[in-house]
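Reviewing the structure listed below.
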Amino acid sequence: MQSLIPVVLSGGSGTRLWPLSREKYPKQLLPLIGEDSLLQATLRRMEGLTDVQLGAPLVVCNEEYRFVIAEQLRLMGTKGAILLEPVGRNTAPALTLAALAAMRDGEDPTLLVMPADHVIMAVASFQAAVRLAMPLATEGMIVTFGITPDSPETGYGYIQAGETLGRDGASRIARFVEKPDLATAQAYLDAGSYFWNSGLFMMRASVWLSAIGYCRPDILTACRAAWDQGSADGDFLRVGKEAFMRCPSDSIDYAVMERIAGCENSLPVGAFVPLSAGWSDVGAWDSLWQVLPKDDQGNVSQGDALLENCHNMLVMAEHRLVACIGVEDMVVVETPDAVLVSHMSKTQHVKRIVDRLKREGRPESELHRKVFRPWGWYDGVDSGKRFQVKRIVVKPGAALSLQMHHHRAEHWIVVSGTAQVTRGDASYLVSENESTFIPLGTRHRLENPGCVPLEMIEVQSGSYLGEDDIVRFDDVYGRNES
């Protein structure tokens, strides 16, 4: 039986879902629907897939997200490899690296390529489409999944179905078309042969490498060089940074699929499988509102939210009470450091706010106040001139790097758990309700030797409090930054 490997592409930044989604903590890592993050939900929809030999998943992601993704997989009990991209180069190079990784043991598995940030509500329908596509991919075709449209959507590309392949709706791909205007989208919907482009694909690893080598040999050459210079670090697969930086950026659609739709003889057959499974790419707040359950007034609320005489609202409160009175068709998203208020019809423009934040050098575009690290997380509680207060939680058995700061001293107060502190040449324990002081310029390390989380308050004081004021001497996580 042909093996099937889920390949999850997790490189997007999700700027249109700001302020929940940030550049260094994007939407696929967030639990926007249910308790699972979108990444976890993507992997979980493979559970229970019968009649298929399912291999361990392969997640392709930016190095920035590696520890958060590893932790999310651990919480699921999922074992898989995490392939790290030093820089983003779009989906075609990401899939090429994944195909090389999948064939590293001499095998040629089938790859099911899934973006990490999409929603599929009807898992059984999705799995039925996967089973239908499996023999097509095994025979050497490149299969894409088209979403049965229910409206003249102008925000998606479209796929036109061609001649049937005689298998429950499967057909050849006639053509790919770009995002249309409203009149054209309505014409596509009326024709009945056009489907939304889902970004889901299936093919054997060798078939993809052959296709990308024919269409974009420059991408294949750069990816092979990067892969050959790479190394394995536990569950992390690293590639050569300099070689991958020379790789051109291109999408799967532009690089290969549009060429396949042209029926070039040197390329594999492009096959199409229709999918009706409650799919959404959750590209903006209005699309998230559409897939979430609503009350009788069409409202969606999460967190501490009170709505009075409101209709068709999306209200998400993370940190404090949000009250809305007599408004409709609005999005209100509250986080500890930012609040978004937008008309439902204008949520596609959130990216403009993110662009302004970047131009002004503001941190709200990149990070949340709560920042996740491989050892745990910290929350920037308060800050002012020459001081900063953080709440720090260190996972059991975890340790921060052995480090030193040029411009700040640190005061540590243990709230719960026990801290193992290295300060200069001394090493000692600090228990609950006790504190210690790290002078400026002193080597130090914080560890949690216990079996429960270590929670503490850190007060920094000094002339400069930026996260880049770290001289790191030893780090078990191989980082160059905190």
Side-chain angles (χ1 to χ4, degrees), residues 24-25 29-31 35-37 40 65-78 234-235 303 318-320 335-337 367-384 387-405 408-462 465-467 469-479 481-482:
K24 293 186 177 179
Y25 203 83
L29 305 180
L30 299 170
E35 296 183 356
D36 284 338
S37 71
Q40 290 172 317
Y65 320 144
R66 65 193 187 277
F67 294 115
V68 178
I69 288 177
E71 177 67 6
Q72 291 198 357
L73 265 61
R74 185 193 68 81
L75 291 173
M76 293 178 64
T78 298
D235 292 334
E318 278 203 335
H319 187 63
R320 72 201 100 179
T335 70
D337 63 346
L367 292 169
H368 284 279
R369 204 182 79 174
K370 184 176 182 180
V371 178
F372 290 88
R373 295 300 191 208
W375 43 262
W377 54 265
Y378 68 82
D379 183 1
V381 177
D382 195 10
S383 63
F387 83 92
Q388 186 166 248
V389 180
K390 292 182 177 180
R391 178 186 174 199
I392 296 176
V393 174
V394 184
K395 295 183 291 188
L400 281 68
S401 60
L402 180 65
Q403 58 187 253
M404 180 267 287
H405 310 296
R408 72 174 185 250
E410 296 176 342
H411 305 253
W412 295 345
I413 305 166
V414 175
V415 177
S416 62
T418 300
Q420 177 79 39
V421 177
T422 299
R423 185 177 66 183
D425 296 328
S427 180
Y428 52 94
L429 295 176
V430 181
S431 300
E432 292 183 10
N433 301 319
E434 296 180 346
S435 63
T436 191
F437 172 64
I438 308 298
L440 182 150
T442 301
R443 290 192 184 201
H444 60 278
R445 188 198 296 270
L446 175 65
E447 303 175 64
N448 180 0
C451 56
V452 298
L454 164 65
E455 182 172 353
M456 51 183 286
I457 300 298
E458 176 183 83
V459 180
Q460 303 175 357
S461 59
L465 305 173
E467 288 299 314
D469 178 25
I470 294 180
V471 178
R472 184 170 280 112
F473 302 102
D474 176 58
D475 181 66
V476 298
Y477 308 108
R479 298 167 298 163
E481 57 180 304
S482 68

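These values consider heavy atoms only, across backbone and side chains, with no hydrogens, waters or symmetry-generated copies. Predicted model, so just to flag it, every value in this text is computed and none were measured.
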So, do [X] and [Y] sit near enough that their side-chain heavy atoms are less than 4.5 Å apart?
X: Leu367; Y: Asp337; value: no
X: Asp382; Y: Phe387; value: yes
X: Glu318; Y: Pro336; value: yes
X: Arg472; Y: Leu402; value: no
X: Ile392; Y: Met456; value: yes

- Message: Tell me if a side-chain donor or acceptor on Arg320 pairs with a main-chain N or O of Thr335 at a distance below 3.5 Å.
- Response: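 Flag set: sc Arg320 to bb Thr335 pair under 3.5 Å.
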- Task: Check for a donor-acceptor pair, side chain of Gln40 on one end and backbone N or O of Met76 on the other, with a separation under 3.5 Å.
- Result: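 Not confirmed, Gln40 side chain does not pair with Met76 backbone.
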If every non-hydrogen atom of [X] is compared with every non-hydrogen atom of [Y], which pair is closest and at what distance?
X: Leu454; Y: Glu447; answer: CD2-O, 3.8 Å
X: Gly466; Y: Arg408; answer: O-NH1, 3.2 Å
X: Glu432; Y: Val415; answer: CG-O, 3.8 Å
X: Asn448; Y: Val394; answer: ND2-O, 3.0 Å
X: Arg423; Y: Thr436; answer: NH1-OG1, 3.7 Å
X: Trp412; Y: Glu458; answer: NE1-OE2, 3.0 Å

I need the [X] [atom1] to [Y] [atom2] distance, nearest 0.5 Å.
X: Thr422; Y: Leu400; atom1: OG1; atom2: CG; value: 11.0 Å
X: His411; Y: Ser435; atom1: NE2; atom2: OG; value: 9.5 Å
X: Tyr378; Y: Lys370; atom1: OH; atom2: NZ; value: 13.0 Å
X: Ser461; Y: Gln388; atom1: OG; atom2: CD; value: 11.0 Å
X: Glu410; Y: Leu465; atom1: CD; atom2: CG; value: 9.5 Å

- Item | Parallel, tilted or perpendicular: rings of His444 and His405 (30°, 60°) |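 Ring orientation, 0 to 90° scale: tilted.
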- Take atom CZ of Arg443 as the centre, draw a 6.0 Å sphere, and report whether it contains more than 12 heavy atoms from other residues, nucleotides or ligands.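 No, the 6.0 Å shell around CZ holds no more than 12 heavy atoms from other groups.
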- Carboxylate-amine/guanidinium contact Arg369 Asp379, below 4.0 Å: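 The answer is yes: the pair qualifies as a salt bridge.
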- Query: Do NZ/NE/NH1/NH2 and the carboxylate oxygens of Glu467 and Lys390 come within less than 4.0 Å?
  - Reply: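 Between Lys390 and Glu467 there is a salt bridge, with a charged N closer than 4.0 Å to a carboxylate O.
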- Going through the distances and angles, do Leu30 and Tyr25 end up as a side chain to side chain contact (heavy atoms under 4.5 Å, CB included)? CA-CA 8 Å; Leu30 299 170; Tyr25 203 83; 3.6 Å; yes
- Item | Steps toward side chain to side chain contact (heavy atoms under 4.5 Å, CB included) verdict (Trp377, Arg391) | CA-CA 8 Å; Trp377 54 265; Arg391 178 186 174 199; 3.7 Å; yes
